[in-house]
Engineer: 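Supplied in structure tokens, the structure appears directly below.
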Amino acid sequence: MIGDKSQTPTRHELLSMVRKHSKLLGKTVLDEEETPDDLEMDSGFWHNIIDMYFVCSRESRGREEDDLIFFVRKMNSEGQGPSDDGEGNSPYFVRRWAPKLDDLVGESSLIIDWRRSLYLNLIAHTSFSVTVAICSHQVLKQYHASQGKTLSPIYKVVKTVYASPSRINFHLDSRKEVETTPAYPDICFAVDDFDSTFDAVVLTDPDHCYCVLLNANDGAAFPHERKAEKGSSDISSPENVTSAGKMKSSKITLFSGFVNYQMVREAYDAGRTGFGSLLSLGHSSGKTDKIFMKGPGGRGEVEVAVSGVLDQSKVDLGPHSPIQVSKKGLDLGTIVWTAASVASTAAKNAYAAASSNRHSDEEMLPLKCCLMSISLPWENIAHDLLFKGSPPVSL
């Protein structure tokens with residue numbers, strides 16, 4: 001029994017229970033044979049899972065976030081917002097770890113959605129990395145046609161990111177975050193130092209594509225148990241097998257998408273707020289400064305700061321003057337502050353590469369793309385962490 005503290009289940013066993021009772025996850029309509037069982041609707045079950053998985057058996061991984069436990073508030077009777085408990089209107093609240101869960105939440109226990117809280121903590125305590133790469137469009141076509149196992153990028157950057165139910169709104173003019181707002185039910189993976197991390201990610205050829213991957217690879221969704229006696233491995237245990245009978249990989253791709261140079265260039269030039277289902281331009285304080293890239297099927301959203309790298313041999317940069325770019329009568333100077341941070345030699349090299357790859361009479365403008373954040377609905381992430389059996393994208 002899950003409530004029998006004399007025999008506490010292992011994390012593998014607890015995660016197996018979660019999978020078994022997650023029929024509602026990611027579904028708005030269930031088939032008759034998929035009706036949720038009693039435990040899936042039992043808040044006491046999810047309370048006990050959180051207690052044993054994140055409180056009693058907390059594992060220290062050297063991250064401050066490991067000391068935080070997240071609690072999702074119940075929706076009101078109309079299902080349109082969190083219940084009002086005097087702590088604000090945020091859909092969740094956070095507590096630092098304590099040895100006893102009930103002491104941790106106190107009277108707030110009555111307003112907690114324990115099921116959603118379990119999934120949120122599973123996500124928040126999992127380790128993630130983002131890969132941003134420049135790939136050849138032709139190579140991508142060949143990869144998809146042949147279902148290749150490995151994709152060879154022209155250039156890539158891998159960065160550790162953290163899942164958060166809050167969103168950081170960056171103010172590009174000052175390169176500082178201006179506010180943090182609740183993102184839940186979306187989960188946000190922000191890159192605070194996006195300008196320096198992706199400084200060398202510059203599209204310089206019409207064949208270039210901007211690629212973004214988000215992978216989960218460690219943490220709560222990948223519990224590490226001690227090996228059983230006699231050297232047996234836990235790799236083939238039932239807890240590591242998905243509902244489809246496939247082996248659960250040690251790395252899971254949660255988001256993968258790409259956009260070609262021409263699409264980025266047209267959105268950059270036009271300044272339109274709509275660009276099909278793939279790209280759209282966002283506005284911050286009335287200024288066009290960001291591009292949002294939708295994931296396949298409209299799932300998830302990537303926020304990118306795009307800047308044109310001008311020919312440094314023709315531009316005299318003052319010590320503090322921003323570069324001003326105007327294309328087709330559109331003042332996009334506010335979105336190219338990152339170009340000023342590009343070293344002169346690097347800009348010249350990028351422009352030289354773009355000039356040598358020019359395929360038409362149109363000026364080939366190198367575009368630097370700095371990933372700012374990725375956002376995904378929590379249900380998509382939780383479902384993939386628990387059930388996704390397809391191999392991760394290898395880049």
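Owing to the predicted nature of the structure, the values given are computational and were not obtained by experimental measurement.
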Engineer: What is the minimum heavy-atom distance between F128 and I123, and which atoms define it?
Structural biologist: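 Smallest heavy-atom distance, with atoms named: CE1-O, 3.3 Å.
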Engineer: So, the side chain of K74 versus the backbone of L110: is there a donor-acceptor pair under 3.5 Å, distance only?
Structural biologist: yes
Engineer: Tell me whether R73 contacts the main-chain N or O of I111 through its side chain, where contact means a donor paired with an acceptor under 3.5 Å.
Structural biologist: no
Engineer: Please check: side-chain N/O of W97 versus main-chain N/O of V55, any donor-acceptor pairing under 3.5 Å?
Structural biologist: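 Answer holds: yes.
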Engineer: My understanding is that only residues two or more places apart in sequence, or in another chain, count here; which of them pass side chain to side chain contact (heavy atoms under 4.5 Å, CB included) with S43?
Structural biologist: W114
Engineer: Between atom CD1 of I49 and atom CE of M17, what is the distance when rounded to the nearest 0.5 Å?
Structural biologist: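 Here the interatomic distance stands at 6.0 Å.
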Engineer: Determine which pairs satisfy salt bridge (charged side-chain N to carboxylate O under 4.0 Å, His left out) with at least one residue from residues 161-170, sequence neighbours left out, and list them in order.
Structural biologist: R167-D186
Engineer: Determine yes or no for a side-chain-to-main-chain donor-acceptor pair under 3.5 angstrom, with S256 supplying the side chain and L213 the backbone.
Structural biologist: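 The answer is no, because no donor-acceptor pair under 3.5 Å joins these two groups.
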Engineer: Taking the side chain from N121 and the backbone from F70, do they hold a donor-acceptor pair closer than 3.5 Å?
Structural biologist: yes
Engineer: Start with the C-alpha gap between F71 and L120, add the side-chain angles, then the distance that decides, and say whether side-chain contact (heavy atoms from CB on, under 4.5 Å) holds.
Structural biologist: CA-CA 8 Å; F71 299 98; L120 177 54; over 6 Å; no
Engineer: Who pairs with S373 by side chain to side chain donor-acceptor pair (under 3.5 Å), at least two apart in sequence or on another chain?
Structural biologist: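 With neighbours one apart ignored, the set is E303.
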Engineer: Ignoring hydrogens and angles, write down the donor-acceptor pairs under 3.5 Å from the side chains of residues 152-160, residues two or more places apart or on other chains.
Structural biologist:
unit_1	atom_1	unit_2	atom_2	d
K156	NZ	L395	O	2.7
K159	NZ	D193	OD1	3.2
K159	NZ	D193	OD2	3.2

Engineer: Does the plane of the ring in F45 sit parallel, tilted or perpendicular to the ring in H21? Use 30° and 60° as the thresholds.
Structural biologist: perpendicular
Engineer: Taking ring-ring contact (aromatic ring centres under 6.0 Å, His included) as the test, write out the residues that go with F255, two or more places apart.
Structural biologist: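 Listed in chain order: nothing, the list is empty.
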Engineer: Could you pull out all residues at least two apart from H383 that satisfy side chain to side chain donor-acceptor pair (under 3.5 Å)?
Structural biologist: none
Engineer: Using the side chain to side chain donor-acceptor pair (under 3.5 Å) criterion, which residues pair with Y119? Sequence neighbours excluded.
Structural biologist: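 Result, side chain to side chain donor-acceptor pair (under 3.5 Å) vs Y119: S22.
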Engineer: Mark yes or no for whether H12, through its side chain, and P223, through its backbone, hold a donor-acceptor pair below 3.5 Å.
Structural biologist: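 Present.
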Engineer: Who passes side chain to side chain donor-acceptor pair (under 3.5 Å) against T253, sequence neighbours left out?
Structural biologist: N215
Engineer: Return each pair, listed once, that meets salt bridge (charged side-chain N to carboxylate O under 4.0 Å, His left out) where at least one residue sits in residues 137-146; pairs must be two or more places apart or across chains.
Structural biologist: none
Engineer: With sequence neighbours excluded, give me every salt bridge (charged side-chain N to carboxylate O under 4.0 Å, His left out) pair touching residues 105-114.
Structural biologist: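 Output for this query lists D113-R116.
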Engineer: To check you understand the geometry: which heavy-atom pair defines the closest contact between I112 and S108, and what is its length?
Structural biologist: CG1-O, 3.3 Å
